[in-house]
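What you see is a predicted model; the values in this text were computed from it and never measured. Only heavy atoms go into these numbers, but all of them, side chains included; no hydrogens, no water, no symmetry mates.
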Amino acid sequence: MAPQGARRARGARGRVRARPPAGARARSAEDWWWDRLAPSGSGYHLLQSDSMLLVLPGPEPARARAHRRAPRRAQRPPLPGSRAAGAKAKPRPAPEPAPGPAPQQGPDSGWGDRIPLEILLQIFGLLVAADGPMPFLGRAARVCRRWHEAASQPALWHTVTLSPSVAGRLTKTGAKAEKKLLASLEWLMPNRFSQLQRLTLLHWKSQLASDSCPRLTFLKLSDCHGVTPNTLIMLARACPQLHSLDIQHSMVESTAVVSFLEEVGPRMRKLWLTYSSQTTAILGALLGSCCPQLQLLEVSTGINRNNTPLQLPVEALQRGCPQLQPGPCSQVLRLLNLVWLPKPSGRAVTPGPGFPSLEELCLAGSTCNSVSNEALGRLLHGSPLLRLLDLRGCARITPAGLHDLPCQELEQLHLGLYGMSDRLTLAKEGSSLLTHKWCHTLRELDLSGQGFSEKDLEQALAAFSGTPGGSHPALCSLNLRGTRVTPSTVSSVISSCPGLLYLNLESCRCLPRGLKRAYRGPEEVQWCLEQLLTSPPSPS
């Protein structure tokens with residue numbers, strides 16, 4: 001009995017020594033991790049949030065660390081007749097009460113409310129001007145109350161583009177998605193769109209209530225179907241400031257467009273159309289002086305090219321859309337990528353009044369068209385203020401015909417021939433007539449694909465080295481792709497035009513290898529000049 005009692009005493013003494021002192025707590029792994037990240041006395045403290053852990057300089061704020069407690073093991077009831085059942089449990093000393101947790105100090109959640117509303121509106125205005133109001137304003141409104149107030153200002157919702165989701169258009173749930181979008185639009189109209197000015201609708205098939213958009217000035221319908229005359233007429237009546245309509249690539253009946261133009265009348269300023277069989281009826285309304293203040297007219301082909309020629313009575317268009325006095329907005333006429341034929345003038349037809357304030361004329365096309373010097377003269381005989389002339393693809397226009405135009409301050413001239421065969425780009429003469437007339441005002445010149453000879457191009461580009469008054473030319477973009485320009489001519493024009501920012505020398509057969517490419521920026525243009533001056537002359 002004595003040896004067994006001694007062993008029990010030694011076991012009890014061992015258990016007492018292994019027990020931690022009263023009030024002490026075992027160091028957890030979390031405490032070790034916190035002290036490793038920000039040791040005490042290091043000048044840093046930790047700040048914990050839901051999804052991140054920040055190590056910040058400065059004194060440590062009072063915080064309550066969350067300590068995990070080991071789950072208590074369920075004590076099994078002692079078996080009857082065992083020594084533990086008969087032994088009386090010794091009372092354990094009650095642990096000292098731990099100090100109550102200090103109030104946790106997290107990041108200030110009201111920092112957004114301290115930004116003045118005027119500053120927020122300026123910041124939001126810059127972002128909206130760059131990327132549009134959606135989806136930024138919708139997301140910003142969920143940040144805090146101050147941001148919601150700023151994002152709800154109608155002044156920020158001046159330009160909006162609406163379109164059903166792509167998934168909804170391609171699946172059977174398209175009607176459901178469109179119904180949801182209409183419900184959102186019904187709420188946005190009175191609450192956000194009171195100062196809306198520009199509205200674009202993509203793939204739209206429903207009616208549009210515009211009673212809450214009194215300041216709407218521009219409406220674009222792209223790939224829209226089912227637009228009825230009543231819809232456009234209601235828009236014209238509900239939006240007294242609406243003056244621009246873009247219906248390119250949309251299925252809109254000519255009767256709807258004509259009814260809209262008749263309702264809008266004199267306040268119509270800009271019109272974009274896609275050439276189709278119904279374009280003639282719309283042009284007929286314009287020729288009948290339906291929109292006398294029209295300043296921009298653009299007619300282009302859609303994805304599927306229409307080879308039916310567009311018969312355009314030039315003189316009737318000049319009388320139906322007169323711009324008798326140059327105003328703050330210039331006239332623009334674009335007939336893009338279509339077969340355009342002016343109606344024969346006839347012997348008894350008197351010349352039209354012209355377009356006195358026309359500043360831009362674009363007749364560009366991807367293939368050769370039949371615009372001649374005579375047709376161009378009928379269009380521009382009364383346009384002295386022309387600034388931009390785009391005749392890309394007009395292979396029948398000659399330098400002599402351009403020299404007879406009345407405009408004296410032309411800034412952009414595009415005569416490139418793209419996709420033309422060699423039989424259409426025969427050797428030509430007279431390019432110097434263009435540069436000597438407009439060398440003091442030309443900023444952009446495109447002679448791509450033109451068949452001027454080496455000598456003719458040298459004489460033409462030499463006009464930029466002798467500008468009157470000793471001032472530098474204004475030329476900043478020069479496209480000589482596919483021409484017979486020589487290295488000496490290119491070196492001369494680069495040296496004479498210090499403001500040249502773009503130079504295209506692709507496919508120029510007279511230039512050495514390695515230099516036949518496009519140069520963008522003053523550094524690349526100067527590098528081209530250095531290479532031309534140091535490279536040996538190519539064998540003829």
Open item on the list: Testing the basics here: between Arg269 and Gln293, what is the closest heavy-atom pair and its distance to 0.1 Å?
Closed with: NH1-CB, 3.2 Å
Open item on the list: I'd like to know whether CZ of Arg443 has more than 12 heavy-atom contacts from other residues, nucleotides or ligands below 6.0 angstrom.
Closed with: no
- [ ] Could you tell me whether Arg517 atom CZ has more than 12 heavy atoms of other residues or ligands within 6.0 Å of it?
- [x] yes
- [ ] Go through the steps for Leu532 and Val490 under the test side-chain contact (heavy atoms from CB on, under 4.5 Å), then give the verdict.
- [x] CA-CA 8 Å; Leu532 289 173; Val490 176; 3.5 Å; yes
Task: CD-OH distance between Glu524 and Tyr502, expressed to the nearest 0.5 angstrom - done: 11.0 Å
TODO: Please examine the side chains of Pro406 and His381, heavy atoms only from C-beta on, and report whether any two atoms are closer than 4.5 Å.
DONE: no
Task: Check against side-chain contact (heavy atoms from CB on, under 4.5 Å), Val371 and Leu391 - done: CA-CA 9 Å; Val371 179; Leu391 300 175; 5.5 Å; no
Task: Option among Gln295, Arg387, Glu409 that satisfies the side chain to side chain contact (heavy atoms under 4.5 Å, CB included) test with Glu359 - done: Arg387
Open item on the list: For the backbone of Leu480 and the side chain of Thr483, can you confirm whether one donor and one acceptor N or O come within less than 3.5 Å of each other?
Closed with: yes
TODO: Would you mind telling me which of Leu221, Thr274, Leu232, Leu219 makes a side chain to side chain contact (heavy atoms under 4.5 Å, CB included) with Ile247?
DONE: Leu221
Open item on the list: Would you say that Cys291 contacts Pro266 through its side chain, given a criterion of any heavy-atom pair below 4.5 Å between the two side chains?
Closed with: no
Open item on the list: Working note: Gln241 + Leu216, criterion side-chain contact (heavy atoms from CB on, under 4.5 Å); need CA distance, chi angles, decisive distance, verdict.
Closed with: CA-CA 6 Å; Gln241 300 182 15; Leu216 188 66; over 6 Å; no
- [ ] May I have the step-by-step check of side chain to side chain donor-acceptor pair (under 3.5 Å) for Gln412 and Glu360, ending in yes or no?
- [x] CA-CA 9 Å; Gln412 303 179 42; Glu360 178 182 338; over 6 Å; no
- [ ] Show the numbers, then the answer: is there a side chain to side chain donor-acceptor pair (under 3.5 Å) between Ser495 and Ser492?
- [x] CA-CA 5 Å; Ser495 303; Ser492 176; over 6 Å; no
TODO: Would you check if Phe260 and Leu242 make a side-chain contact, meaning some heavy-atom pair closer than 4.5 Å?
DONE: yes
- [ ] Check for a donor-acceptor pair, side chain of Thr435 on one end and backbone N or O of Ala460 on the other, with a separation under 3.5 Å.
- [x] yes
Open item on the list: Return the CG to CD distance between Leu461 and Glu458, rounded to the nearest 0.5 Å.
Closed with: 9.0 Å
Task: Where Ile282 and Ser254 come nearest, the two heavy atoms and their spacing - done: CG1-CB, 4.2 Å
TODO: Decide if atom CZ of Arg139 counts as having more than 12 heavy atoms of other residues, nucleotides or ligands within a radius under 6.0 Å.
DONE: no
Task: Test log, rule side-chain contact (heavy atoms from CB on, under 4.5 Å), inputs Ser300 and Trp272 - done: CA-CA 8 Å; Ser300 64; Trp272 291 265; over 6 Å; no
- [ ] Kindly give the heavy-atom pair with the smallest separation between Leu294 and Lys270, and that separation in Å.
- [x] CD1-N, 3.9 Å
- [ ] Measure the shortest side-chain to side-chain distance between Lys516 and Glu506 over non-hydrogen atoms and say whether it is less than 4.5 angstrom.
- [x] no
TODO: Find out whether Leu415 and Leu389 are in side-chain contact, i.e. whether some heavy atom of one side chain is under 4.5 Å from a heavy atom of the other.
DONE: no
TODO: Measure the CG-CG distance between Leu447 and Leu478 for me, rounded to the nearest 0.5 Å.
DONE: 7.0 Å
Task: Backbone N/O of Leu410 and side chain of Thr441: donor-acceptor pair under 3.5 Å - done: yes
- [ ] Indicate whether any N or O donor in one side chain lies under 3.5 Å from an N or O acceptor in the other, for Gln153 and Gln195.
- [x] no
Open item on the list: I need the minimum non-hydrogen distance between Leu501 and Pro522, along with the two atoms involved.
Closed with: CD2-CD, 3.8 Å
TODO: Give, for atom NZ of Lys437 and atom OG of Ser432, the distance between the pair rounded to the nearest 0.5 Å.
DONE: 13.0 Å
Task: Side chain to side chain, Leu505 and Leu515, heavy atoms closer than 4.5 Å - done: no
Open item on the list: Do Trp157 and Ser194 have side chains that approach each other closer than 4.5 Å (heavy atoms only, starting at C-beta)?
Closed with: no
Task: Sub-4.5 Å side-chain heavy-atom contact between Asp223 and His249 - done: no
- [ ] Please work out whether the ring planes of Tyr519 and Trp527 are parallel, tilted or perpendicular, with thresholds of 30° and 60°.
- [x] tilted
Task: From Gln459 atom CD to Thr489 atom OG1, the distance as rounded to the nearest 0.5 Å - done: 10.0 Å
Open item on the list: Is the positively charged end of Arg198 above the ring of Phe218, judged by distance under 6.0 angstrom from the centroid and angle within 45° of the axis?
Closed with: yes
Open item on the list: Distance check, rounded to the nearest 0.5 Å: Ile123 atom CD1 versus Leu127 atom CG?
Closed with: 8.0 Å
- [ ] Give a yes-or-no answer on whether the side chains of Thr398 and Asn373 include a donor-acceptor pair shorter than 3.5 Å.
- [x] yes
Open item on the list: How about NZ on Lys220, more than 12 heavy atoms from neighbouring residues, nucleotides or ligands closer than 6.0 Å, or not?
Closed with: no
Task: Side-chain donor or acceptor of Ser453 paired with backbone N/O of Asp456 under 3.5 Å - done: yes
Open item on the list: Looking at every non-hydrogen atom in both residues, tell me the closest pair between Arg267 and Cys239 and how far apart they are.
Closed with: NH2-O, 3.1 Å
TODO: Verify whether the ring centers belonging to Phe464 and Trp438 lie closer than 6.0 Å.
DONE: no
Open item on the list: Show, in sequence, the C-alpha distance, side-chain angles and deciding distance for Gln450 and Ser431, and conclude whether the side chain to side chain donor-acceptor pair (under 3.5 Å) test is met.
Closed with: CA-CA 10 Å; Gln450 291 287 349; Ser431 59; over 6 Å; no
Task: Shortest non-hydrogen contact from Cys476 toward Leu500 - done: C-CD1, 3.7 Å
